[in-house]
Q: 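Sharing a structure below in structure tokens format, with a few things to ask.
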Amino acid sequence: ASASLCGTWDIISNENFEGYMIALGISPCVQKVAAKLKLKKVIEQQNDQFIVKTLSFFRNYIISFRVDHEFEEFTQGLDNRHVKSLVSWQGNKLVCEQRGEKKNRGWSHWIEDDKLHLELYCEGELCKQVFKKNGNQ
Ligand code: VL7
């Protein structure tokens, strides 16, 4: 079994977040604010059911899903698109495909060296985020 994604995590690096936001068509004004955010990720799991919270003082974004069950996702407060999302395990990676207007869109989470890794991708742009476990737990 692979290490659990669960917990509260604080961002420590964020590569090409700008490219990802441009691919999503985020306005330059919002990009500027978003680029400075200290994102927090809170992940809860019960069997095949997940809740993933992306938190910041500016906006929060929360999804819940069951692994291998497609769901309708509305990316409210992000790019405000409707996508069909499917999350599945691919080895030790929790991988989400987000089908919709934007091609090759999705994300992937895994644990490496006690850190939470996240790749966010959209139309050829790849953003790489790394989170460390929050010290309060
Ligand atoms: C979600 C945001 C940029 C818009 C605001 C920035 C607010 C805080 O999809 C994501 O996470 C997955 C995997 O963990 C689970 O939902 C990433 C944050 C990326 C993309 C869009 C900028 C406006 C950020 C909510």
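Both counts, for ligands and for their atoms, begin at 1 and track the order of listing.
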Q: Of the backbone atoms (N, CA, C, O) and the side-chain heavy atoms from C-beta on, which set of Arg59 has a member under 4.0 Å from an atom of ligand 1: side chain, backbone, both, or neither?
A: both

Q: If you have a sec, work out which protein heavy atom is nearest atom 23 (C) of ligand 1 and how many Å separate them, to one decimal?
A: Val30 CG1, 3.5 Å

Q: Counting only heavy atoms, which portion of Thr75 has something under 4.0 Å from ligand 1: side chain, backbone, both, or neither?
A: neither

Q: Is the Phe17 ring parallel, tilted or perpendicular to the Tyr20 ring (thresholds 30°, 60°)?
A: parallel

Q: Distance under 4.0 Å to a non-hydrogen atom of Tyr61: what atoms of ligand 1 satisfy this?
A: 16 (O), 25 (C)

Q: Tell me which protein heavy atom sits closest to atom 19 (C) of ligand 1, plus the residue, atom name and distance to 0.1 Å.
A: Phe17 CE1, 3.9 Å

Q: Using a strict threshold of under 4.0 Å (side-chain N to carboxylate O), is an ion pair present between Asp79 and Arg81?
A: yes

Q: Does Asp79 approach ligand 1 within less than 4.0 angstrom via side chain, backbone, both or neither, non-hydrogen atoms only?
A: neither

Q: Without swapping roles, check the side chain of Arg66 against the backbone of Gln49 for a donor-acceptor pair under 3.5 Å.
A: no

Q: For the side chain to side chain donor-acceptor pair (under 3.5 Å) test, which of Lys128, Lys38, Gln129 pairs with Asn14?
A: Gln129

Q: Just need the protein heavy atom nearest to atom 10 (C) of ligand 1, so name the residue and atom and give the distance.
A: Leu120 CD2, 3.7 Å

Q: Atom 18 (C) of ligand 1: which protein heavy atom is closest, and how many Å away?
A: Thr54 CG2, 4.0 Å

Q: Using only atom types and a distance under 3.5 Å, with no angle test, would you say the side chain of Lys102 pairs donor to acceptor with the backbone of Ala23?
A: yes

Q: Which ligand 1 atoms are under 4.0 Å away from a heavy-atom of His109?
A: 13 (C), 14 (O)

Q: At under 4.0 Å between heavy atoms, is it the side chain or the backbone of Trp107 that contacts ligand 1, or both, or neither?
A: side chain

Q: Considering only the protein, which heavy-atom contact is closest to atom 3 (C) of ligand 1, and what is its distance?
A: Met21 CG, 3.6 Å

Q: Could you identify the single nearest non-hydrogen protein atom to atom 24 (C) of ligand 1 and state the distance to 0.1 Å?
A: Leu39 CD2, 3.9 Å

Q: So, is Lys41 polar-close to ligand 1, with some N/O to N/O distance under 3.5 Å?
A: yes

Q: List, by chain and then residue number, the residues other than Trp110 in its hydrophobic cluster (Ile/Leu/Val/Met/Phe/Trp/Tyr, side-chain heavy atoms under 4.5 Å); write none if there are no others.
A: none

Q: Give the atoms of ligand 1, by number and element, whose distance to some non-hydrogen atom of Tyr20 is under 4.0 Å.
A: 20 (C)

Q: Could you tell me which atoms of ligand 1, counted from 1 in the order shown, lie closer than 4.0 angstrom to a heavy atom of Ala34?
A: 6 (C), 22 (C)

Q: Salt bridge or not for Glu119 and Lys93, using N-O below 4.0 Å?
A: no

Q: Would you call Glu123 and Arg105 a salt bridge, taking side-chain N to carboxylate O under 4.0 Å as the test?
A: no

Q: Answer yes or no: is there a donor N or O on one side and an acceptor on the other, between the side chain of Asn16 and the main chain of Leu126, under 3.5 Å?
A: yes

Q: With respect to Lys84, which candidate in Glu72, Glu97, Glu73 satisfies the salt bridge (charged side-chain N to carboxylate O under 4.0 Å, His left out) definition?
A: Glu72

Q: Give a yes or no on whether the backbone of Leu86 and the side-chain of His69 come within a donor-acceptor separation of less than 3.5 Å.
A: no

Q: Report, in ascending order of atom number, the atoms of ligand 1 lying under 4.0 Å from any heavy atom of Ile63.
A: 15 (C), 16 (O)

Q: Name the closest protein heavy atom to atom 2 (C) of ligand 1, giving the residue it belongs to and the distance to 0.1 Å.
A: Leu78 CD2, 3.7 Å

Q: Which residues pass the salt bridge (charged side-chain N to carboxylate O under 4.0 Å, His left out) test with Lys53, sequence neighbours left out?
A: Glu44

Q: Tell me the nearest of Val52, Leu55, Leu37, Leu118 to atom 7 (C) of ligand 1, using heavy-atom distances.
A: Leu37

Q: Quick one: look up the protein heavy atom nearest atom 21 (C) of ligand 1 and list residue, atom name and how far away it is.
A: Ile26 CD1, 3.6 Å

